[in-house]
Structures are given as structure tokens and as C-alpha cells.
*Asks:* 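Starting off with a structure, shown below.
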Amino acid sequence: MASSSIAVAAALILCILVAHAHGCYAKHHAAPSAANSSWLDAKATWYGAPHGAGPDDNGGACGFKNVNLPPFSSMTSCGNQPLFKDGKGCGSCYQIRCLKPDHPACSGVPKTVIITDMNYYPVSRYHFDLSGTAFGAMAKDGRNDELRHAGMINMQFKRVPCQYPGLTVTFHVEEGSNPFYMAILVEYENGDGNVNQLDIMESRPNGGKMAPTGQWVPMKESWGSIWRMDAHHPMKAPFSLRITNESGKTLVAEQVIPIDWKPNKTYSSLVQFH
Ligand SMILES: *[C@@H]1O[C@H](CO)[C@@H](O)[C@H](O)[C@H]1NC(C)=O
Ligand SMILES: *[C@@H]1O[C@H](CO)[C@@H](O)[C@H](O)[C@H]1NC(C)=O
Ligand SMILES: *[C@@H]1O[C@H](CO)[C@@H](O)[C@H](O)[C@H]1NC(C)=O
């Protein structure tokens with residue numbers, strides 16, 4: 001049977017790439033974009049266990065879970081407002097480095113971290129409150145403890161495209177979701193890494209199966225990387241989801257949340273930003 005290749009082809013066709021003229025400039029002009037290739041100055045601090053992922057529960061203000069495990073692998077950071085962007089910065093990727101003048105233990109080798117948490121203390125214009133692991137990763141071999149002992153250092157950063165090899169955009173239906181209230185965490189988007197808008201489409205019976213209604217309804221940003229939908233009627237699954245990335249491109253995961261969906265479950269799509 002070629003049904004699986006048909007499914008993949010259908011997913012590719014549904015991977016509609018639409019460029020919006022707005023959004024790219026107006027909204028986030030103050031923060032670096034994924035295309036911004038120059039190093040900018042920031043302050044770095046760290047929190048949590050010296051070799052940990054930051055928060056004790058391996059979560060954070062973005063709602064991601066198990067950030068101590070791949071693909072995050074503890075290379076995580078809190079961002080201040082220009083980085084966390086009230087949650088819209090969740091999942092964005094940055095290269096970080098520190099140089100010898102910043103601290104003698106600095107290696108200068110760029111490492112990639114993902115924004116998974118927030119810290120709005122007024123430390124500097126750009127502030128990375130890194131996991132102990134990520135802070136130590138900026139050090140020369142064997143000197144990460146020495147670097148962590150500095151507590152706060154100057155560092156440099158730049159926005160880079162996220163890369164999640166082998167992973168597709170993934171949705172976690174949050175605990176407490178029901179047919180009148182859906183809360184969905186979006187993870188693992190290549191490129192921008194963060195979500196600017198999430199839209200949902202219900203299904204309706206059509207010729208013995210459930211077909212998408214054709215009507216996108218915008219979801220609201222709840223907190224972090226979690227988007228919510230409050231409905232006045234019981235919503236009918238399967239649900240399709242449409243992500244708009246920071247560059248205004250959209251990606252459609254057709255009927256990715258199945259008819260028998262459950263709260264606290266993860267659903268992988270067939271689609272990914274390229
Ligand atoms: C990079 O970001 C900085 C700080 O926001 C900005 O001043 C600069 O114009 C940006 N450069 C590019 C090429 O976008
Ligand atoms: C947004 O998504 C489009 C479509 O996949 C992609 O070409 C673009 O690179 C993404 N934006 C960035 C900056 O990664
Ligand atoms: C949600 O799922 C995770 C992993 O599958 C599990 O460890 C956790 O206990 C679940 N939470 C609840 C509230 O059921």
C-alpha cells in the first residue's frame with residue numbers, strides 16, 4: 001500500500017507557505033530576528049543546579065517540559081523582555097559566547113541555547129539567566145566551575161535558526177483541556193522556533209468521516225508557548241492546527257489532534273518549517 005506516502009504527500013501539499021507583508025518589521029523591531037547575524041552584548045547569570053537545566057522541575061515559564069532531556073538537553077535560558085517577549089520568544093534559539101576579557105575561563109566558542117523561561121529583573125538591556133549547564137558551556141574545557149563562580153559576566157549573543165533534526169512540529173494537549181477549552185503547547189519548530197499565532201480548525205461529519213470545516217479560528221496566547229481556545233460549543237475533533245512563525249510564514253498540521261484525543265498527551269505532526 002502507498003497510503004503512507006500519500007499521507008506524506010498530502011502533508012507536504014498542506015504545508016502552505018504564505019508570506020505576510022506585515023509582522024516582520026512592525027512588531028519586533030527592538031529584538032534581534034533570526035536573520036540578525038551580528039553579535040550583541042548582554043549580561044549572563046545562571047540559576048538552578050550547577051549542571052542542571054535551570055528550574056528545579058525542568059520546566060519554566062514557557063511551559064516546555066523535561067528541558068533537561070533532548071532536544072533541549074539543559075542548554076536553556078531565561079530571557080528578559082526583549083528575548084522572552086511575553087512568551088512569544090519561547091523556543092527561539094541563540095548562540096551565546098564569552099571572550100577572555102569577559103572572564104579568563106571563557107572559551108569564545110559559540111554554544112546554542114533555547115529560551116524556555118523568563119527573568120525580568122532589570123540587569124541589562126539583554127539578559128540571559130542561563131541554566132548552570134549552559135553558563136558552564138561557555139568555558140574552556142575543565143573550567144566551567146570557575147566560570148560559574150563568577151556569577152555574572154558580560155557575554156555576546158546572536159539569534160540563530162533552531163534546528164531539530166528528525167523532529168516535526170509537536171503539540172502537547174495540556175492537562176485540563178476539554179471540548180469547550182483547549183490548551184496546546186507547541187514545540188520543536190525549526191527556524192524561528194517561536195510561534196506568533198496558532199489557529200485551530202474543527203472537523204465535521206462528511207461522507208462517513210470527519211472532514212476539516214475549512215474555518216480557521218484564532219487561538220489566544222495563554223502563557224509561554226501555550227495557546228488556548230475557549231469555545232461556546234463542544235468543539236469537534238479531529239483538530240487541525242495552523243502555526244504562523246515570526247516571519248509570517250504558516251504551516252498547517254491537518255487533523256493533527258485525533259478524534260480520541262486526551263489531555264496531557266503529545267501529538268507529533270507530519271510537518272516542519274524548512
Ligand atoms: C540586529 O539587531 C540589532 C539590535 O536589535 C539592530 O540594531 C540591528 O539593526 C539588527 N541588524 C540586522 C541586520 O537586522
Ligand atoms: C518561517 O517559515 C518559513 C517556511 O517554512 C521558512 O522558510 C522561514 O525560514 C521561517 N522563518 C525563519 C526565520 O526561520
Ligand atoms: C502527564 O503525563 C506525564 C508523562 O506522560 C506524566 O508523567 C504526568 O504524571 C501526567 N500528569 C498528570 C497530571 O496526569
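Worth saying up front: this structure is predicted, and the values here are computed from it rather than measured. No hydrogens, no waters, no symmetry mates; every other heavy atom, side chains included, goes into these values. We count ligands from 1, going down the list as the structure has it; atoms in each ligand are counted the same way.
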*Asks:* Between N264 and H172, is there a side-chain donor-acceptor contact under 3.5 Å, judged purely by atom types and distance?
*Replies:*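 On atom types as modelled, these side chains qualify, holding a pair under 3.5 Å.
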
*Asks:* Determine, counting only non-hydrogen atoms of the protein, whether one lies under 4.0 angstrom from atom 11 (N) of ligand 3.
*Replies:*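 For atom 11 (N) of ligand 3 the answer is yes, since some protein heavy atom falls inside 4.0 Å.
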
*Asks:* Quick test: of every protein heavy atom, which one is nearest to atom 3 (C) of ligand 3, and how far off is it to 0.1 Å?
*Replies:*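 Sorting protein heavy atoms by distance from atom 3 (C) of ligand 3 puts N264 ND2, 3.6 Å first.
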
*Asks:* State plainly whether the residues E189 and K249 are in salt-bridge range, i.e. N to O under 4.0 Å.
*Replies:*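 Salt bridge absent between E189 and K249.
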
*Asks:* Return yes if a side-chain donor-acceptor contact under 3.5 Å exists between Y47 and D117, otherwise no.
*Replies:*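 Result is yes, a qualifying pair exists.
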
*Asks:* Of all the atoms in ligand 3, which lie at a distance below 4.0 Å from a heavy atom belonging to E175?
*Replies:*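 Every atom of ligand 3 under 4.0 Å from some heavy atom of E175: 12 (C), 13 (C), 14 (O).
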
*Asks:* Does the protein place a non-hydrogen atom closer than 4.0 angstrom to atom 7 (O) of ligand 3?
*Replies:*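 Given the 4.0 Å limit, the answer for atom 7 (O) of ligand 3 is no, no protein heavy atom qualifies.
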
*Asks:* Do the side chains of D230 and R228 get close enough for a salt bridge, i.e. N-O under 4.0 angstrom?
*Replies:*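 Salt bridge flag = yes for R228 with D230.
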
